[in-house]
Number of protein chains: 2
Amino acid sequence: MAGDLKVLADPVRLRLLSLIAASEASEACACDLVPSLGRSQPTVSHHLSVLTAAGFVTREQRGRWAWYRVVPERMAALGHAVAAFSDARG
Amino acid sequence: MAGDLKVLADPVRLRLLSLIAASEASEACACDLVPSLGRSQPTVSHHLSVLTAAGFVTREQRGRWAWYRVVPERMAALGHAVAAFSDARG
DNA sequence: CGTTCACATCGACTTCAGTCGATGTGAAGA
DNA sequence: TCTTCACATCGACTGAAGTCGATGTGAACG
């Protein structure tokens, strides 16, 4: 769980998730994500790779473009795990 | 929000929160926490300080002992914020 | 008031993660 | 097939963060 939180504990990755989730059809092309962030293409690619490896997003190649989607169950599960600390016997 | 997640993205701090939440009356003395973790006293003190500064726990001095409590609203709010990424327009 | 105990702070080391320029890869188009 | 485009990977640098021994602090106890 610490590893999962560590993946999300980065402003660039949070912005990526936010941008992807807010995109049409809840998917986004890397070509649109790079200019939206103030970071270089390798940096964005790296963060997308980290999110994908952790299972928070899925990657689908279509021709030359790579499309990314958020995995909602993954986000919900982690969110509930965090919220569970508010109960005693957490 | 990235800062909040970064605070939780550490196995020692997660164990601290878990131990405190699972203690009687949902509070724990540092003297009990140090031996439960495999870390030195300064390290545990440092992590408790980080959790306190971020508002995830509160510290109360009673005599020579320091007692810690989880702030449930804080955990619940962050958990919901994470889970919100599972919705479109996150 | 000196001692002891619980805990915080300091200083230094080390590991890790974000960042970017340069380069590799693989698909599309001429 | 040669070029171009989109993206991944590599190598190197840098700043941040975890860790611990040593030391400071402040309350209890005699």
Side-chain angles (χ1 to χ4, degrees), chain A residues 1-20 23-25 27-71 78 82, chain B residues 1-20 23-25 27-71 78 82:
Chain A
M1 175 172 174
D4 288 347
L5 290 171
K6 199 166 194 173
V7 170
L8 296 190
D10 181 281
V12 174
R13 290 198 279 268
L14 288 177
R15 281 197 64 193
L16 281 171
L17 288 170
S18 181
L19 286 170
I20 296 171
S23 299
E24 293 185 27
E27 65 181 2
C29 168
C31 59
D32 294 330
L33 296 172
V34 171
S36 297
L37 306 167
R39 313 291 171 173
S40 69
Q41 178 267 323
T43 297
V44 175
S45 180
H46 167 66
H47 287 299
L48 285 169
S49 173
V50 171
L51 286 171
T52 304
F56 289 113
V57 301
T58 56
R59 189 181 107 100
E60 183 188 354
Q61 188 91 24
R62 294 186 208 158
R64 294 194 238 186
W65 296 276
W67 290 84
Y68 291 89
R69 284 180 172 277
V70 178
V71 178
L78 185 57
V82 170
Chain B
M1 175 173 175
D4 288 347
L5 290 171
K6 200 165 193 174
V7 169
L8 298 191
D10 183 279
V12 173
R13 290 196 281 268
L14 287 178
R15 281 197 65 190
L16 282 171
L17 287 170
S18 180
L19 286 169
I20 296 170
S23 298
E24 292 185 28
E27 66 180 3
C29 169
C31 57
D32 294 328
L33 296 172
V34 171
S36 297
L37 305 167
R39 313 291 169 171
S40 69
Q41 178 269 323
T43 296
V44 174
S45 180
H46 165 67
H47 287 298
L48 285 169
S49 173
V50 171
L51 286 171
T52 304
F56 289 113
V57 302
T58 57
R59 190 182 106 100
E60 184 188 353
Q61 188 91 24
R62 293 186 209 157
R64 295 194 235 187
W65 296 275
W67 291 84
Y68 291 89
R69 284 180 172 276
V70 178
V71 179
L78 185 57
V82 170

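Labels below follow one simple rule: chain letters A, B, ... track the order of the sequence lines, proteins then strands, and each chain is numbered from 1. Please read these numbers as outputs of a predicted model, since none were measured by experiment.
One can place CG of A:L14 at 12 Å from P of C:dG18, the figure rounded to the nearest angstrom. Atom NZ in A:K6 sits about 14 Å away from atom P in C:dT15, given to the nearest Å. Here C:dA27 presents its P atom at 15 Å from CD of A:E60, a figure rounded to the nearest Å.
A donor-acceptor distance shorter than 3.5 angstrom exists from the side chain of A:S23 to the backbone of A:L19, with no hydrogens or angles considered. Formation of a donor-acceptor pair under 3.5 Å by the A:E27 side chain with backbone atoms of A:C29 is not found in this model. Under the 3.5 Å distance criterion, the side-chain polar atoms of B:R13 are matched with a main-chain donor or acceptor of B:V7.
Between A:V50 and A:D10 there is no side-chain heavy-atom pair separated by less than 4.5 Å. Inter-residue side-chain proximity for A:V82 and A:L5 is flagged as met; some heavy-atom pair is nearer than 4.5 Å. With contacts defined as side-chain heavy-atom distances shorter than 4.5 Å, the pair A:F56/A:L78 qualifies.
Comparing A:R62 and A:V50, the nucleotide of DNA chain C nearest to each residue sits closer to the 5' end for A:V50. Nearest-nucleotide mapping onto DNA chain C: of A:R13 and A:G63, the residue sitting toward the 5' end is A:R13.
When the side-chain nitrogen and oxygen atoms of A:H47 are compared with OP1 and OP2 of C:dA17, none of them lie within a distance under 4.0 Å.
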Q: Any chance you could list the contact pattern along nucleotides 3-12 of chain D? Use B for base contacts, S for sugar-phosphate-only contacts and - for none, protein heavy atoms under 4.0 Å, 5' to 3'.
A: -BBSBBB---

